[in-house]
Protein chains: 2
Amino acid sequence: MGRKVKRLAVLGSTGSIGRQTLDVVRAFPDRLKVVGLAAGRNRRALEQQAGEFGPEWLYLEGAGRPEQDGCKWISMEEMACLPEVDMVVVATAGRAGLLPTLSAIRAGKTVALANKEVLVMAGELVMAEALQWGARLLPLDSEHSAIWQCLRGEKGEAARVLLTASGGPFRNLSAKELSRVTAADALKHPVWEMGPKVTVDSATLMNKGMEAIEAHWLFDLSWDKIQVVLHPQSLVHSLVEFRDGSLKAQMGAPDMRLPIQYALSYPERWANPVLPRMDWSKPLSLTFESPAVDRFPCLRLALEAGKLGGTYPAVLAAADDVAVELFLDGRISFVDIPRLIERTLEGCGGNSGIRRDGRRGPTLEAILEADASSRVRAREIAGAIAV
Amino acid sequence: MGRKVKRLAVLGSTGSIGRQTLDVVRAFPDRLKVVGLAAGRNRRALEQQAGEFGPEWLYLEGAGRPEQDGCKWISMEEMACLPEVDMVVVATAGRAGLLPTLSAIRAGKTVALANKEVLVMAGELVMAEALQWGARLLPLDSEHSAIWQCLRGEKGEAARVLLTASGGPFRNLSAKELSRVTAADALKHPVWEMGPKVTVDSATLMNKGMEAIEAHWLFDLSWDKIQVVLHPQSLVHSLVEFRDGSLKAQMGAPDMRLPIQYALSYPERWANPVLPRMDWSKPLSLTFESPAVDRFPCLRLALEAGKLGGTYPAVLAAADDVAVELFLDGRISFVDIPRLIERTLEGCGGNSGIRRDGRRGPTLEAILEADASSRVRAREIAGAIAV
């Protein structure tokens, strides 16, 4: 007897989402078991995690594959489709998650997805493959988890989705003040604990634009049904409006372990005393407002790229990756981020989304090519505007 | 082909909830059909409704049963169990709904319940009978509809329910100011369109105390899981916290037709262009705070009566009915309402809730007796404190 233990491969285990995933695993040792861990460069953290969780398989980017007792070293694509894995947690960053996600999907695995770029770059392809192979995609992101929770048990689609955005630390700055913002300023994110790339994306609202693209694919929502609303307190994680005008909002303390645990425990919910709870004994004020379009050009660019489809979103993601890296290195200013992305999109955008074989959406090859060429192009453009 | 039409008996059709129920029926003539209408004293309004909706059965309290083309006059108890009725909408006020609800339940009907006193007076009995006869109780109240919507599709029970209360027009008055409040002041309710009794109950928070008792029975919630929170904007209609700490809130414009339609359309949701929608283009602020216990003694009394069980809640409801009537007539002051209820509870409360036949909860006879005797007692006590 005894309940079934879910066996996890955690890709990107040493990043912020990966570490918080392992926090949840730690709280439920009789329900969750880590069988694979994959990391980028943080060898020491991976070794420490391997020592604690005792996985059978490991991956570390690059050449160094140290001895680790009882572990086998394999690629992330191999790890994602192992028969011993029930669920693949894709907590990698940037384009790194795309191929492992496709590998997991083709093996019919359940994929818990935190890596935004997977659906931004290849939403059409990924969703088509998930349908074809009977794989299930579960969101780890707080916003998409909120939408998923609000849709739980409902028949029919959402009439509208309101993606909440904290608005980041600069939502009240003037254009002049924005132009002087430094990387250090951007990394003081008010509410969530996140990595530097996501923190900057959250200040530009690129984050939210990418989440709109993800929501479009994950929940099969047309663009007119997706709306972004600023909510600085980050307690309402998103809202769904139904056809009768009723809305549901999902709320909770701003702690990523909550949506992570929801995906890992689904369809159950588990009591976890470690997770913070909202305090209703104190007065609480929740505010919402529409984002000023001119203050957040990255949001506009992301929505435009999403609507254009084809490889435009892949170009957007690649250009943003380059732009944020250059900003964090102090090579371009905060307001240069959208400029660089827009010029890259103008130069590299494209393809009609109709493939020669008649299937919709760009091929994986076209996506990867767009990613690579737009990174080159973005760096060229940046050379002209670098400070 | 053609979809199945739900055939409704609307009890209390000329009251606020009854009229709004008919508004919803009017919007969906191919899905809802009124086969029975029952009213208290408003003969003219009932005749007008009968002319518009063409029901087969009518009821009007008291002797007067005018000619109405093609209609048969029957009692509410008879109407509630007609084979031609699929759903009984209990939108009566006070104790009037109790016997028709039991009649509907014993015929296995689906009951859409707006009449608070039914579950306050006889929650244990009503729920036991519903279970026994396979009848379903659907809430029409915005708060219980919110809880029901939030629980939709969830497994396991709620960890906590937060019932929102507008707090009424007097939530910021001093004790001295409260003692001078008039019936006219109380009837200026800030948000919802309701009858005078409910409006006063909303100002004293008796309303919310009764809703806590209803929630206890409807959703099988222990008392420690029910919490009241003030939310003056009345846009969040209640919240449910789950065992993992995640919360769902149901929101919408403060219009009773929305929860009414939800119950009538369930499990579907219907697009109704007549219903107002929340406007997210403008800045929005939602505030929440704990109610000050000393400012709302009726809330405390209701929770105490609910926890005591037996016939205490029936005594509470009867004493409140008398107290609000006397307040609306200018015979006692606003702050006398809880005093009168408390003294009536002290004098009449009771019975252990264990019946001679071993079943839990008071019998219908005991409940009706407690209702009648506590009304007499409340009027006696009121004689001593009348202004």
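Because the structure is predicted, anything quoted here is derived from the model rather than measured. Lettering of chains follows the sequences in order, A, B, ..., and the numbering in each one begins at 1.
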Student check: side-chain heavy atoms of A:Leu239 and B:Met251 closer than 4.5 Å: yes
Contact origin within B:Leu162 toward chain A - heavy atom pairs under 4.5 Å: side chain
If the contact rule is any heavy atom under 4.5 Å from chain B, which residues of residues 271-280 of chain A qualify, in numerical order? A:Ala271, A:Asn272, A:Leu275, A:Arg277, A:Met278, A:Trp280
If I compare all heavy atoms of A:Gly153 with all of B:Arg152, which pair ends up nearest, and what's the gap? O-NE, 2.9 Å
Kindly give the heavy-atom pair with the smallest separation between B:Ser285 and A:Ser285, and that separation in Å. OG-OG, 3.6 Å
Residue-level contacts of residues 241-249 of chain B with chain A, using a heavy-atom cutoff under 4.5 Å: B:Glu241, B:Phe242, B:Arg243, B:Asp244, B:Gly245, B:Ser246, B:Leu247, B:Lys248, B:Ala249
With only heavy atoms counted, which part of B:Leu151 is less than 4.5 Å from chain A, the side chain, the backbone, both or neither? neither
Contact between B:Arg269 and A:Glu154 at the side-chain level, heavy atoms closer than 4.5 Å - yes or no? yes
From B:Cys150 atom SG to A:Gln149 atom CD, the distance as rounded to the nearest 0.5 Å: 11.0 Å
Interface moiety of B:Gln261 toward chain A, non-hydrogen atoms closer than 4.5 Å: side chain
